[in-house]
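Read through the structure below, which is laid out as structure tokens, and then see the notes.
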Protein chains: 4
Amino acid sequence: MSAPQEEAALWWATAVSHIEPGSIELRDRPVQELIGTTSLVDVIWLLLRGDLPTSRQSALLEAALVAGVDHGPQAPSIAAARMAATCGIGLNNAVATGVNMLGDTHGGAGQQCVEMLADVRTRHSEGLTWPGAARKVMADWQSRSRYLPGFGHRFHPVDPRRDPLLNLVQEAVADGVVDGEYLKAALAVEEALRVRRAGARPVPMNIDGATAVIYAELGFPAPLARGLFVLSRSVGVLAHAWEETGQGRRNKGPLPRSILPARLTAPQEI
Amino acid sequence: MSAPQEEAALWWATAVSHIEPGSIELRDRPVQELIGTTSLVDVIWLLLRGDLPTSRQSALLEAALVAGVDHGPQAPSIAAARMAATCGIGLNNAVATGVNMLGDTHGGAGQQCVEMLADVRTRHSEGLTWPGAARKVMADWQSRSRYLPGFGHRFHPVDPRRDPLLNLVQEAVADGVVDGEYLKAALAVEEALRVRRAGARPVPMNIDGATAVIYAELGFPAPLARGLFVLSRSVGVLAHAWEETGQGRRNKGPLPRSILPARLTAPQEI
Amino acid sequence: MSAPQEEAALWWATAVSHIEPGSIELRDRPVQELIGTTSLVDVIWLLLRGDLPTSRQSALLEAALVAGVDHGPQAPSIAAARMAATCGIGLNNAVATGVNMLGDTHGGAGQQCVEMLADVRTRHSEGLTWPGAARKVMADWQSRSRYLPGFGHRFHPVDPRRDPLLNLVQEAVADGVVDGEYLKAALAVEEALRVRRAGARPVPMNIDGATAVIYAELGFPAPLARGLFVLSRSVGVLAHAWEETGQGRRNKGPLPRSILPARLTAPQEI
Amino acid sequence: MSAPQEEAALWWATAVSHIEPGSIELRDRPVQELIGTTSLVDVIWLLLRGDLPTSRQSALLEAALVAGVDHGPQAPSIAAARMAATCGIGLNNAVATGVNMLGDTHGGAGQQCVEMLADVRTRHSEGLTWPGAARKVMADWQSRSRYLPGFGHRFHPVDPRRDPLLNLVQEAVADGVVDGEYLKAALAVEEALRVRRAGARPVPMNIDGATAVIYAELGFPAPLARGLFVLSRSVGVLAHAWEETGQGRRNKGPLPRSILPARLTAPQEI
């Protein structure tokens with residue numbers, strides 16, 4: 001290869017896959033060895049990490065991915081994808097519209113929660129008790145934001161996905177699949193919130209928190225908590241966009257046509 | 001409920017999921033019954049179709065989803081997602097950037113291929129032989145476009161994903177899992193191409209064609225061939241965006257900085 | 001340059017702009033000669049077409065761009081951008097979310113309308129009267145779709161943007177700025193619709209139709225009717241996303257939280 | 001209106017526009033009064049701020065919008081939009097793909113620069129000299145990031161857009177159109193960089209910095225520096241996507257097909 005050719009080849013160098021005419025390798029494995037032998041969840045792990053998970057690791061990841069697939073049209077990502085599907089664009093564009101909206105406050109909480117739990121874990125490893133570590137980290141986070149990522153839900157008093165996910169983590173800890181440090185951190189935060197808010201509306205762990213525990217226990221770095229949620233929620237986004245397609249509306253707005261947006265009289269301050 | 005409230009509720013009516021405080025149902029099943037018991041692929045089927053697949057149906061769908069996860073940075077969707085990951089946007093935005101590009105000529109071929117195979121199947125059911133049905137439908141399609149969706153690859157003389165996928169379909173036909181009519185249609189098209197192009201570069205079935213056979217055999221409507229490919233390719237898009245993130249470039253362009261785009265002197269005609 | 005370097009440079013060759021260290025040329029004009037001397041609308045024309053418009057051409061283009069900037073949160077693109085702005089993503093991501101939805105049925109009608117008017121113009125140039133050409137082309141289009149692009153509005157009995165835009169075109173025809181053939185084609189379609197629908201709800205030209213007349217009279221090819229609408233509507237998309245940002249909601253769904261989407265009991269057929 | 005209807009109407013309340021059958025008001029002005037009388041740049045200002053600019057304010061805004069329209073296919077946003085245009089998606093989807101990538105490090109620098117200049121201005125108003133205020137704020141920013149937003153360019157030793165933009169600001173200051181405080185802040189930063197880097201590669205103000213000065217002098221809040229850049233760069237994104245469409249490639253990757261991405265042998269650490 002000439003130098004510019006090599007420079008261009010290196011500009012796009014990757015360890016994820018290698019494609020040559022007649023050959024497709026994913027993480028150095030020929031794709032034909034994966035088809036029919038390897039599960040989708042294992043391939044997700046393989047592409048992100050370079051190796052294959054054990055069956056127990058895979059099962060834990062799969063549970064987290066299943067838990068997040070959908071939260072109905074009240075979720076802005078789902079609603080936007082459904083509206084997109086009525087605008088004369090491809091199903092891929094409709095899914096992209098929904099996925100694009102899974103940002104810091106709508107899907108990104110898992111990423112932040114992994115970071116927060118890692119902080120708690122570090123404080124504990126430095127000598128604080130779990131409750132002490134939780135209170136210290138919560139104070140740090142709440143000095144920057146009124147929200148604690150992964151705890152509380154604007155909608156569910158108790159998130160029905162919390163218990164089955166945490167039960168699976170506890171089984172995995174009991175069997176030595178994961179070490180349980182992130183689970184302890186998360187339970188410590190939850191308990192500190194319970195004590196602090198005695199009598200007020202409880203803010204138990206939500207889906208972002210429970211899946212953050214799983215992703216962190218499995219060794220995924222924080223940004224992949226968001227990335228994995230994107231894969232999970234894409235399923236619901238697609239299903240809703242597709243259902244909407246079959247309903248035949250054109251240019252569906254957020255409200256039925258009998259209701260017009262109100263006029264906001266106070267001029268917007270900028 | 002008041003009439004406007006009911007009208008608004010119906011405007012967003014869905015059978016995919018139903019969410020109330022403390023309750024999340026996916027296709028009328030409580031989410032907590034799915035977590036830890038149901039595979040991701042089964043949940044994909046459930047959300048799209050309303051019921052669960054048999055294990056053999058699920059295995060066939062899983063093989064198709066695994067086969068399409070990645071095709072490296074030469075694919076524009078993957079390259080764009082990698083570049084996006086260097087621009088200071090979220091990982092979800094980077095994935096959306098890639099998914100958005102899986103259009104009619106980059107991922108949409110599966111959808112068109114299902115339509116074409118359905119045409120062949122219909123012609124055959126109307127009395128033509130398989131070769132005759134294939135030739136008739138190919139002539140129709142090629143009167144509209146020079147490309148036959150699902151056949152040939154600009155890069156691979158033989159697509160390494162074809163054989164393992166078709167072998168799985170053949171086993172499924174042998175075991176009565178699917179009826180094999182779309183497989184026959186696809187093989188008839190492939191054979192007609194082989195005969196017609198004797199001596200020229202062969203154009204065997206590619207990934208879009210082989211997965212189209214699976215999706216069609218499983219009863220998915222044509223647009224979901226694109227939709228399912230989106231779910232599959234999202235895995236590779238995410239893995240590449242994430243790898244790029246770790247490489248630390250900022251505002252990565254398509255070429256190394258030593259190579260500048262050429263000046264196109266002829267004015268563009270519009 | 002080496003051959004691979006040149007090949008890579010040519011792969012990205014463009015006449016739109018040429019950038020070298022210390023130099024930025026847009027359509028061969030140094031950017032510093034445009035800043036402060038050339039209007040934004042003229043630069044839009046320059047980049048798309050390679051030359052500068054006359055002041056009258058520019059004024060006509062500007063009127064079309066102004067007319068389309070916004071249609072409120074009932075438009076799915078605007079609503080989606082507003083929801084996106086509450087999800088913790090950048091303002092650019094929110095604008096992209098809205099723009100992504102300006103597809104064939106939501107912004108793409110202008111493109112189709114230019115094509116339809118070009119058909120009418122061709123039929124007229126082949127000898128049909130304007131009414132005859134309009135009826136022939138309308139029949140052709142309506143054999144494929146029940147909608148005539150650019151005519152009728154689900155919301156406005158008369159689109160308030162129609163008259164001022166068409167008046168400007170008529171002045172431009174009177175002054176020899178444009179030849180008026182597309183205007184005649186559009187008025188012929190409108191009149192044919194009026195006659196055909198006597199007594200029924202009128203379907204006069206809408207914003208897509210009126211701007212299609214302008215874009216076509218100015219010599220823009222049909223796909224740029226969509227492209228120019230994208231630039232125009234981006235203004236409203238941005239303004240709405242920004243206003244929403246200031247209102248402080250998080251993860252805004254399409255309905256206030258007191259209203260839940262209804263459960264669709266009939267299983268979806270696929 | 002019933003209470004739920006009113007609640008839904010208020011959920012989407014807006015001061016940007018008000019649409020009723022037959023009526024479109026933009027910031028309380030009938031759209032038909034704007035068409036043909038008001039420039040696109042004035043309407044951009046109107047929608048974002050609620051009033052119209054003076055002609056001098058408008059001219060300054062227009063210069064900034066013109067300056068940022070394009071930076072060729074080396075910019076990842078432009079390259080991605082061009083690749084998108086070859087994938088069989090709409091021109092609106094291709095533009096959205098490019099716009100989506102104008103994130104914190106690719107277009108977002110203007111927003112950060114406005115924030116930084118506001119910090120300098122505040123320090124100066126609190127009693128520091130301009131050079132002292134600049135040094136203090138630079139130290140603060142560089143404790144968080146090695147990049148100073150709005151200064152230096154990876155490509156241009158001197159950005160050709162700097163001088164004409166700053167000259168226009170200086171004229172506007174001389175004529176009392178703007179007060180010049182942000183200009184002073186920016187020049188103080190530039191001078192401090194020049195002194196500090198004596199002998200090293202200079203890092204003068206770039207397009208993000210020069211336009212940030214204009215947007216800030218005109219009173220736009222920092223996030224709109226990004227928003228306005230989005231409107232500006234959309235022009236170039238569209239022009240490139242359109243030119244690419246005319247070149248007829250399908251599924252264009254980042255490199256010509258003779259160059260394959262290199263295999264990265266070291267496994268990726270996560």
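The basis for the numbers below is simple: all heavy atoms, side chains too, and nothing from hydrogens, waters or symmetry mates. Proteins come first, then strands; the chains are lettered A, B, ... in the order of their sequence lines, and each starts at number 1.
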Test side chain to side chain contact (heavy atoms under 4.5 Å, CB included) applied to A/T211 and A/F229, step by step = CA-CA 9 Å; A/T211 54; A/F229 176 68; 6.0 Å; no
Stepwise, does the side chain to side chain contact (heavy atoms under 4.5 Å, CB included) test hold for A/L228 with A/I44?
-> CA-CA 9 Å; A/L228 289 163; A/I44 292 171; 3.9 Å; yes
For the candidates [options], which exhibits the highest count of non-hydrogen atom pairs separated by less than 4.5 Å from chain A?
options: B/L255, B/L10, B/D104; value: B/L255
options: B/G107, B/A13, B/P21, B/A8; value: B/P21
options: B/G90, B/A241, B/G227, B/S234; value: B/G227
options: B/P4, B/G236, B/S23; value: B/S23
options: B/G98, B/S258, B/A94; value: B/S258
options: B/V31, B/T38, B/L231; value: B/L231

Closest-packed option against chain B by number of heavy-atom pairs under 4.5 Å, given A/V158, A/T245, A/I24 = A/I24
Can you tell which part of [X] gets under 4.5 Å to a heavy atom of chain B, answering side chain, backbone, both or neither?
X: A/V230; value: side chain
X: A/R82; value: side chain
X: A/A67; value: both
X: A/E62; value: side chain
X: A/L60; value: neither

Just checking heavy atoms, which of residues 162-172 of chain B are less than 4.5 Å from chain A?
->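 From residues 162-172 of chain B, the residues near chain A are B/P164, B/L165, B/L168.
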State, to 0.1 Å, how close A/R249 and B/W11 come at their nearest heavy-atom pair, and which atoms those are.
-> NH2-O, 3.2 Å
Salt bridge between B/D51 and B/R27, side-chain N to carboxylate O under 4.0 Å?
-> no
May I ask you to establish whether A/R49 and A/F220 are in a cation-pi arrangement, using a distance under 6.0 Å from NZ or CZ to the six-membered ring centre and at most 45° from the ring axis?
->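 Cation-pi check for A/R49 and A/F220: passes.
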Give, for atom OG1 of B/T14 and atom CD of A/Q74, the distance between the pair rounded to the nearest 0.5 Å.
-> 12.0 Å
Looking at NE2 of B/H18 and CG of B/L26, how far apart are the two atoms once the value is rounded to the nearest 0.5 Å?
->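 It is 12.0 Å, given to the nearest 0.5 Å.
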Heavy-atom distances under 4.5 Å only: say whether B/R161 touches chain A with side chain, backbone, both or neither.
->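 Contact with chain A is through both the backbone and side chain of B/R161.
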Please flag which part of B/E20 lies under 4.5 Å from any non-hydrogen atom of chain A: side chain, backbone, both or neither.
->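 It is the backbone, since no side chain atom gets that close.
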Without swapping roles, check the side chain of A/D175 against the backbone of A/V177 for a donor-acceptor pair under 3.5 Å.
->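 A pair under 3.5 Å: no.
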